[in-house]
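Residues: numbered from 1 along the sequence shown. Treat the numbers as computed from the prediction; the structure is a model and nothing was measured.
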Amino acid sequence: MQAVARSETPAAAACADPADRADRRRRGWGTPRLRVVLALGFGTLGFLATLALAALVSREATRRLEAEVGGQLAEIAGQMARNLDIGMFERWRDIQIAAASDSLRDPGTATAAKRAVMERLQATYPAYSIIGLVDADGRVSATSTGALEGADVSGRDYFRGGLEGPYVGDVHPAKLLQSLMPPVDTGARGAAREPLRLVDVAAPVRSPDGRVLGVLAAHLDWTWARDMARILEGALRGHRQGAEILILSRDGTVLLGPPALQGAALPRAVLTGDRSLDPQGTSRVGPWPDGAAAYLSAHASTTGHRDYPGLGWQVVVRQTADRALTAVAALRGDILVAGSVVALAAALLAWLLAGLIARPLLDLAVAAETLGRDQRPPPLPRAFVREGAMIADALGAAADELARRADTHRLLIDELNHRVKNTLATVQAMAAQSLKNLGGDAAAGRDAFEARLLALSRAHDILTRESWASADLRGVATQAMRPFLGAEVPGGARSGSDLASQTSSGALPPRISLEGPDLRLPPEGALALTMILHELCTNAVKHGALSVPGGRAALVWTVEAGLDTDTLRVTWCECGGPPVVPPTRKGFGTRLLERGFAGNRTASLTYEAAGVVYRAANPLPAPGRAAAQPTPRLQAGRA
């Protein structure tokens, strides 16, 4: 036997509905709503997709923009290299043309006339620091400025090279002119001045018969290359504005560039290492020795022009990577902004869409809940999606089927109850007819048998009213004891049949007290308790406390909690009756009492001097454990 929940009648379910719903709401507090899940899911998915798209686009755009900007910087470097080659070619050609003039080739021409030729050449291109005519012995015979005349330059490279043919020398500091000429003001840097550096250009001066008379040499001020670079840098516009142009010698020494690098040899890895942007390796991204910022750079080499051989200079154009790739950063920001807007729109759309889905789902949940209480679900609105409509149709069909089964079940129960009552009435009639002519002890047995049948019938009436689900222990006890207390006992015992035939609609007199918690018993427990109480009351009326006016009886029941199971304990105590005399033999009633509720002999009947004491115990499953049993999951096509 076990304690069960209160009957799930429609009235009780309706009364418990608010509490049940509140409990379900409390259990559902930790579960997010569909709207929140979809909105957060779509929003997060959109934002993550935006981040991934921004990363991919940024990577691809960076690669392409690096290559594009690297190509532009390479074009600028190539243009600067061509300008240098053309500029040096022009100076190379000027000196050769001047060396072939008749004024310089005629030994008889006066020094003043020769100086005038050089002055006119220097006036034509002011970047010349000085132009001088050196005789075959290496002594300066005349210059465009008058300086260094008479100086011995026979050991200089430009003189020795000029004797053999057209000569051009790389950049070098001015040794003789540094002390004779003031440093040139850069203008662009205000008060800043830089030391004089020269590029030598020379050509032999030959007599009409081809004999070498001397060398015409020119010292070209290196500032012309710097000015050319500044002009080109100033012409840059847009994202290339702010690019720097550097000129390196053949061995990698920085001839023109930032002060921190000028005059130092640039490591080869700066131009060839790290990450190249084109197969030729003309552009790259990487660090530079003069700063922590990464630069995007490109280089080009001077190769000469026409018969000018070139000096092997390298032109490098660089720009900080963050400024060169500003468009990528702007594109990345635009993607993030647009993606965030799209993610927000997706979350909002998911919120609205979830509302359209969630409302029918809530209606379906309410309908399923109503159906679980054996009630007809309310009409369901048409679902937004086909699956929802299918669920609604399935719930409607299930409600119809359950209603049909409930009607069939009620008909079967009613028919069964009717047949049981008819069977009990038939058995009672058969007993009455079969045993009517018996007398003495046999007549008493007949009356006891009929009384037991009536007690069993009353128990069946209680269970029928409760749809055979469960019965209240207190109600079962009251119904079982009421026939024995219809009237006061006039000093003597009444027969079992007389006592059993009396009923009363009022409350029980105080001769029997009931004490215990509210508890519901399953059908087998209710039947067993009815028969036990019938026997106890019958014995008390015939031989015990209820056989005299002052006698009293008490029924007490308790539930003891245990580790694994709870225990129901029932105690019947009599007092104030006649002296108790233990029976000499055991009858059917005594054996029924000793068997207890479930026939496992967990009961005891004690004949104490104050009155009979009956105790019975039965294990019950703990309510908490019974409630904690998992509900079977619905599987495909079956429960």
Side-chain angles (χ1 to χ4, degrees), residues 66 69-70 72-85 87-88 127 169-175 178 183-199 220-236 239-277 280-302 310-325:
E66 284 178 350
V69 175
Q72 295 176 2
L73 296 182
E75 290 181 3
I76 297 172
Q79 181 179 352
M80 183 65 186
R82 287 191 296 274
N83 292 344
L84 289 174
D85 279 335
M88 288 300 299
D170 211 338
V171 180
H172 64 87
K175 296 181 179 180
Q178 185 69 46
V184 178
D185 191 347
T186 63
R189 292 193 292 266
R193 296 176 180 273
E194 62 182 41
L196 181 62
R197 292 183 296 167
L198 304 174
V199 176
L220 184 63
D221 193 343
W222 177 245
T223 56
W224 72 273
R226 184 205 63 205
D227 295 338
M228 185 183 297
R230 297 298 179 265
I231 292 173
L232 186 57
E233 289 175 353
L236 300 179
H239 294 304
R240 306 292 78 76
Q241 189 172 2
E244 296 179 292
I245 297 178
L246 294 82
I247 301 177
L248 281 62
S249 64
R250 190 188 302 272
D251 60 1
T253 301
V254 179
L255 302 177
L256 177 67
L261 297 177
Q262 190 163 295
L266 196 66
R268 182 174 178 80
V270 174
L271 300 180
T272 60
D274 206 354
R275 179 160 49 97
S276 296
L277 304 180
Q280 293 76 22
T282 58
S283 61
R284 61 176 293 278
V285 172
W288 279 66
D290 61 332
Y295 284 88
L296 175 61
S297 61
H299 68 277
S301 300
T302 58
L311 294 173
W313 291 339
Q314 296 186 72
V315 178
V316 180
V317 182
R318 72 174 189 175
Q319 188 177 26
T320 56
D322 55 351
R323 186 165 184 177
L325 306 177

Item to check | Sequence neighbours excluded, every pair satisfying side chain to side chain donor-acceptor pair (under 3.5 Å) that has a member inside residues 281-296 | outcome: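 Residue pairs passing side chain to side chain donor-acceptor pair (under 3.5 Å), neighbours aside: D278-T282, D278-S283, D290-R318.
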Next on the checklist: Could you report the tightest heavy-atom contact between L296 and A324, atom names first, then the distance?
Outcome noted: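 The answer is CD2-CB, 3.9 Å.
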Checklist entry - Which heavy atom in P267 sits nearest to a heavy atom in P289, and how many Å separate them? => result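 Looks like CD-CG, 3.9 Å.
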Checklist entry - Does some side-chain heavy atom of V199 sit less than 4.5 Å from a side-chain heavy atom of M88? => result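 M88 vs V199: side chains touch.
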Next on the checklist: Would you say that W313 contacts D170 through its side chain, given a criterion of any heavy-atom pair below 4.5 Å between the two side chains?
Outcome noted: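 Yes, close enough: below the 4.5 Å cut-off.
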Got a second to check how far [X]'s [atom1] is from [Y]'s [atom2], nearest 0.5 Å?
X    : Y    : atom1 : atom2 : answer
L198 : L220 : CG    : CG    : 8.0 Å
L246 : M80  : CG    : CE    : 10.5 Å
Q262 : R226 : CD    : CZ    : 9.5 Å
I247 : L84  : CD1   : CG    : 4.5 Å
R230 : T223 : CZ    : OG1   : 11.5 Å

Checklist entry - Which residues pass the side chain to side chain donor-acceptor pair (under 3.5 Å) test with Q314, sequence neighbours left out? => result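 With sequence neighbours excluded, Q314 shows a side chain to side chain donor-acceptor pair (under 3.5 Å) to no residue whatsoever.
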Item to check | Set of side chain to side chain donor-acceptor pair (under 3.5 Å) partners for R82, sequence neighbours left out | outcome: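 Listed in chain order: nothing, the list is empty.
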Could you list the donor-acceptor pairs under 3.5 angstrom formed by side chains in residues 249-259, with sequence neighbours left out?
residue, atom, partner, partner atom, Å
S249, OG, D251, OD1, 2.3
S249, OG, T253, N, 3.2
S249, OG, T253, O, 3.4
R250, NH2, L311, O, 2.9
D251, OD1, T253, N, 3.2
D251, OD1, T253, OG1, 3.1

Checklist entry - With no hydrogens and no angle check, is any side-chain donor or acceptor of E233 less than 3.5 Å from a backbone partner on I245? => result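 Yes, E233 side chain to I245 backbone: donor-acceptor pair under 3.5 Å.
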Checklist entry - For N83, which residues count as a side-chain contact (heavy atoms from CB on, under 4.5 Å) partner, sequence neighbours excluded? => result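 With sequence neighbours excluded, N83 shows a side-chain contact (heavy atoms from CB on, under 4.5 Å) to Q79, M228, given in chain and number order.
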